[in-house]
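Start at 1 with the first residue, then count along the sequence. Everything numeric in this text was worked out from a predicted model, so none of it was measured. Whatever order the structure lists them in is the order used to number ligands and atoms, beginning at 1.
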Amino acid sequence: MTGNDIDRRHRFAQDCARQAGAIARHYFRSGEALSSAEKGRHDPVTQADLEIDRFLIDQLAGAFPADGILTEETGGSPARHLWVIDPIDGTLNFARGIAHFAVSIAFCIDGRTESGVVYDPVSNEIFTARRGQGAFCNGRPIRVRAARGPSDAIVDAGYSLRHPAADYLGLIGNLLGQGYAFVQNGSAAMGLAAVACGRIDGFCELSLKSWDVLAGLLLVEEAGGWTSDFPHGPGLLEGHKVLACTPSIRQSLQDLMLAATTPRRKTLLSSHEIRRGTASARP
Ligand code: LIP
C-alpha cells in the first residue's frame, strides 16, 4: 500500500466522519425519543449507534472492498489493512443529551495506526492525524501542552463498570494525592483529542477497546504526546489499560496507574512515596 493509498483513505475517512456526525447531530438535536438497549450497566446502544455503524461499514466496504472492518456494534476480525470504528464514542452522554461524544475512525496497516479521525459533530471540530505528518484540528496544527507537573495538570480519568471500582477509586485517590485536577467526561476519543490539542494534559482508563482509542492515540502521538501501546491482533477485541499524556507527566501517571491496579500495591500512594517519587516500576 502506497502513501497515496493511505492519503486517499485518510481523506475518505474525514468525509465519512462528517456524514456520520450529521446523522448523530440530527438525532441529538431532534430530541426524538431514541430507542436504546443496554449492553451493560451504564453502557447503552442507541438506534443512532446502529444506523451510523451500518452507514460507515457500507461506505468503507464500498470504497475499499479489500480492507477489513472492525466496529463496536458489528464486530469484525483483525486484518492486514483494517478500519477500526466507533460510530458514537460517548454513547451514554449522547443518549442523555450531554454534548460530549464523537465519531472515531482509525485505519491500521499490519497492527500500526496510519490514519486517525475524531469528529465532534456538536462543536463541528474534526481532529485528524496521519502518521508522520502531525495532528490537526479543523486543519490547524495542534500540539500537547507542556505541563509543569501534577499540580499544573488536568487528567481525564475515564471509568466503566467493566473494571473493579476499587481500582478506579485507587486511581482517583492517587491522582488527587499527587495534586492533579481530574475530570471524567465519558468519551475516550474526545479525551484523547483534548490531550492532543492541549486542553487537558492526560487521559487514562483501566479498560478500553480498540475502537474507543486507536484514532485518538495517533492524534496524541502526532501532537508530541506519549501514549501506552495498544495490542493489535486478537488484542484488538479485548479491553486494555490506556494512558496518553504530555511527556512531562508520563512517569508520574504510569506509576499511579500501576499502583491502582497491581494487587500487591493496591494502596493509596503515601504522600511520602509521592514526594520521594519512589512508586517505581513501569506498567
Ligand atoms: C465509552 C468510552 C469511555 C468509557 C465508557 C465507554 P462508548 O465508549 O469512550 O471512555 O468510560 O465506559 O466505554 O461505549 O461510548 O463507545
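- Remark: minimum distance from atom 16 (O) of ligand 1 to any protein heavy atom is reached at Asp86 OD2, 2.7 Å.
- At a heavy-atom cutoff of 4.0 Å, ligand 1 is contacted by no atom of Trp211, backbone or side chain.
- Residue Tyr159 has at least one heavy-atom neighbour below 4.0 Å for each of these atoms of ligand 1: 11 (O), 12 (O).
- Ion pairing between Glu72 and Lys39 holds under the 4.0 Å rule for side-chain N and carboxylate O.
- Protein heavy atom closest to atom 10 (O) of ligand 1, with residue, atom name and distance, is Glu205 OE1, 2.8 Å.
- Between Asp167 and Thr261, the side chains place no donor N or O within less than 3.5 Å of an acceptor N or O (distance only, hydrogens not considered).
- Of the listed options Val45, Asp212, Asp89, Asp89 places a heavy atom closest to atom 9 (O) of ligand 1.
- Between Phe55 and Ala20, the shortest heavy-atom contact is CE2-N, 3.9 Å.
- Each of Leu217 and Leu243 belongs to its own hydrophobic cluster when Ile, Leu, Val, Met, Phe, Trp and Tyr are linked at side-chain heavy-atom distances under 4.5 angstrom.
- Asp53 and Thr71 are linked by a side-chain donor-acceptor pair at a separation below 3.5 angstrom, with hydrogens and angles left out of the test.
- With respect to the salt-bridge test (charged N to carboxylate O, under 4.0 angstrom), the residues Arg130 and Glu222 do not qualify.
- Of the N or O atoms in Ala188, one or more lie within a sub-3.5 Å distance of an N or O in ligand 1.
- At a heavy-atom cutoff of 4.0 Å, ligand 1 is contacted by the side chain of Leu208 but not by its backbone.
- Using modelled atom types, one finds no donor on one side chain facing an acceptor on the other under 3.5 Å when comparing His163 with Ser207.
- Heavy-atom proximity to atom 6 (C) of ligand 1, evaluated over Arg162, Lys209, His42, is greatest for Arg162.
- Aromatic rings of Tyr27 and Phe94 (six-membered ring for Trp) have centroids beyond the 6.0 Å cut-off, not under it.
- At a 4.0 Å heavy-atom cut-off, ligand 1 touches Thr91 through backbone and side chain alike.
- Of all protein heavy atoms, the one closest to atom 14 (O) of ligand 1 is Glu72 OE2, 3.4 Å.
- For atom 12 (O) of ligand 1, the closest non-hydrogen atom of the protein is Ser160 CB, 3.3 Å.
- The closest approach between any non-hydrogen atom of Val213 and ligand 1 is not below 4.0 Å.
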